[in-house]
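Contents: one structure, followed by commentary.
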Amino acid sequence: MEHDGANHIGLLVLDFAGVCTPALAELSTGDPSGPIPIRDDIWTLIEAAKDQQVTVAILSNEISTDWELSHDLFSAADHVIACSDNQIFKPDRRAFQRCLLLADRSAAETVVVDDEVDNVTVATSLGMQAVLFDTNDPARSVAAIRELIGT
């Protein structure tokens, strides 16, 4: 694939719990058996990424492949990677490398977004750009992601 510039982003990898959804600490009320809430900004971020021809992957230690059909967010992503299906969990570098293989992208054109420092550290050690998602200031984190993907 041809790219316009050195900073072209072709793959956006989003963590599920804490990034796509509010972190447990943020959920003080609500029905625990109800639908999983998704941050409003994440919906618009995914749409903006797709408008830029960026592949979107959700990489999570918490989800199961059984969930893939249960939420609209999973169908909005190009790839949903449940680490539990092969027992290779983040921050194992192979979890991130799996995203690259599935999306047929290089580390240099990938942005990983996670709320865990260890996961961000491993992603950057592989040559990926990364955003440590701040659950206390999600809007600032989303703005940083949008800047990286050029939206």
Side-chain angles (χ1 to χ4, degrees), residues 1 3-5 7-85 89-91 95-100 102-124 126 128-151:
M1 174 179 267
H3 304 301
D4 294 37
N7 291 333
H8 175 79
I9 299 302
L11 175 61
L12 175 64
V13 178
L14 301 170
D15 178 43
F16 184 68
V19 173
C20 293
T21 71
L24 289 178
E26 295 174 83
L27 297 172
S28 57
T29 61
D31 178 3
S33 64
I36 300 167
I38 302 300
R39 295 181 193 278
D40 290 338
D41 286 351
I42 293 300
W43 289 111
T44 57
L45 177 66
I46 289 172
E47 184 178 296
K50 289 184 166 252
D51 286 347
Q52 294 292 318
Q53 310 301 307
V54 174
T55 300
V56 176
I58 297 172
L59 173 65
S60 179
N61 287 348
E62 293 83 16
I63 65 172
S64 141
T65 52
D66 299 343
W67 291 19
E68 285 188 40
L69 301 176
S70 69
H71 205 293
D72 291 344
L73 179 70
F74 299 133
S75 60
D78 298 296
H79 302 283
V80 178
I81 300 109
C83 296
S84 62
D85 71 350
F89 296 95
K90 298 180 292 178
F96 298 100
Q97 290 167 330
R98 184 176 175 198
C99 291
L100 300 177
L102 286 172
D104 193 26
R105 298 292 181 172
S106 69
E109 61 183 333
T110 300
V111 172
V112 172
V113 182
D114 206 294
D115 61 332
E116 295 291 332
V117 171
D118 289 346
N119 297 336
V120 167
T121 300
V122 170
T124 57
L126 292 170
M128 301 172 185
Q129 295 181 66
V131 173
L132 179 60
F133 195 90
D134 184 350
T135 59
N136 294 315
D137 193 355
R140 184 175 57 85
S141 294
V142 169
I145 299 160
R146 290 178 78 96
E147 185 175 323
L148 283 172
I149 63 173
T151 66

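Owing to the predicted nature of the structure, the values given are computational and were not obtained by experimental measurement. The basis for the numbers below is simple: all heavy atoms, side chains too, and nothing from hydrogens, waters or symmetry mates.
Taking 4.5 Å as the limit, every side-chain heavy atom of Gln52 sits out of range of all side-chain heavy atoms of Ile149. Looking at heavy atoms from C-beta onward, Lys90 lies in side-chain contact with Leu59 at the 4.5 angstrom threshold. Side-chain contact check for Asp51 versus Thr151: every heavy-atom pair is 4.5 Å or farther apart. At a threshold of 4.5 Å between non-hydrogen side-chain atoms, the residues Ile46 and Leu14 count as touching. A heavy-atom distance below 4.5 Å is not found between the side chains of Phe133 and Val120. Counting only heavy atoms from C-beta outward, the side chains of Thr110 and Phe96 never approach each other to under 4.5 Å. Side-chain contact between Val112 and Leu126 is absent, with no heavy atoms from C-beta onward closer than 4.5 Å.
The line from CD1 of Ile58 to CD1 of Ile81 is 8.5 Å long, rounded to the nearest 0.5 Å. Atom CZ of Arg105 sits about 13.0 Å away from atom CE of Met128, to the nearest 0.5 Å. Atom CG of Asn136 is separated from atom OG of Ser141 by 9.5 Å, given to the nearest 0.5 angstrom. Here the straight-line distance linking atom CZ of Phe16 with atom CG of Asp115 works out to 12.0 Å at 0.5 Å rounding. Note that CG of Leu100 is 11.0 Å distant from OG1 of Thr55, once rounded to the nearest 0.5 Å.
Among all heavy-atom pairs drawn from Thr135 and Gly18, the shortest one is CG2-O, 3.5 Å. The two residues Pro22 and Pro37 have their closest heavy-atom pair at CD-O, 3.4 Å. Listed here is the closest heavy atom pair of Ser64 and Ser84: CA-OG, 3.9 Å. Contact detail for Leu73 and Cys20: the closest heavy-atom pair is CD2-CB, 3.7 Å. The shortest non-hydrogen separation linking Ala130 to Thr124 is CB-CG2, 3.6 Å. In plain terms, the two heavy atoms of Val54 and Ile9 that are nearest each other are CG2-O, 3.3 Å.
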**OP:** Start with the C-alpha distance between Thr44 and Arg146, add both sets of side-chain angles, then the distance that settles side-chain contact (heavy atoms from CB on, under 4.5 Å), and finish with yes or no.
**Re:** CA-CA 10 Å; Thr44 57; Arg146 290 178 78 96; 4.1 Å; yes
Original post:
Hey, mind stepping through Asn119 and Asp15 against side-chain contact (heavy atoms from CB on, under 4.5 Å) and telling me if it holds?
Top reply: CA-CA 10 Å; Asn119 297 336; Asp15 178 43; 5.7 Å; no
Subject >> Criterion side-chain contact (heavy atoms from CB on, under 4.5 Å) on Arg39 and Val19, from CA distance to verdict >> reply: CA-CA 8 Å; Arg39 295 181 193 278; Val19 173; 5.7 Å; no
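The environment of Asp40 atom CG is sparse: at most 12 non-hydrogen atoms of other residues, nucleotides or ligands sit within 6.0 angstrom. Heavy atoms of other residues, nucleotides or ligands lying less than 6.0 angstrom from CG of Asp104 number 12 at most.
Of the possible donor and acceptor atoms, one in the side chain of Asp78 sits under 3.5 Å from a partner among the backbone N and O of Val56.
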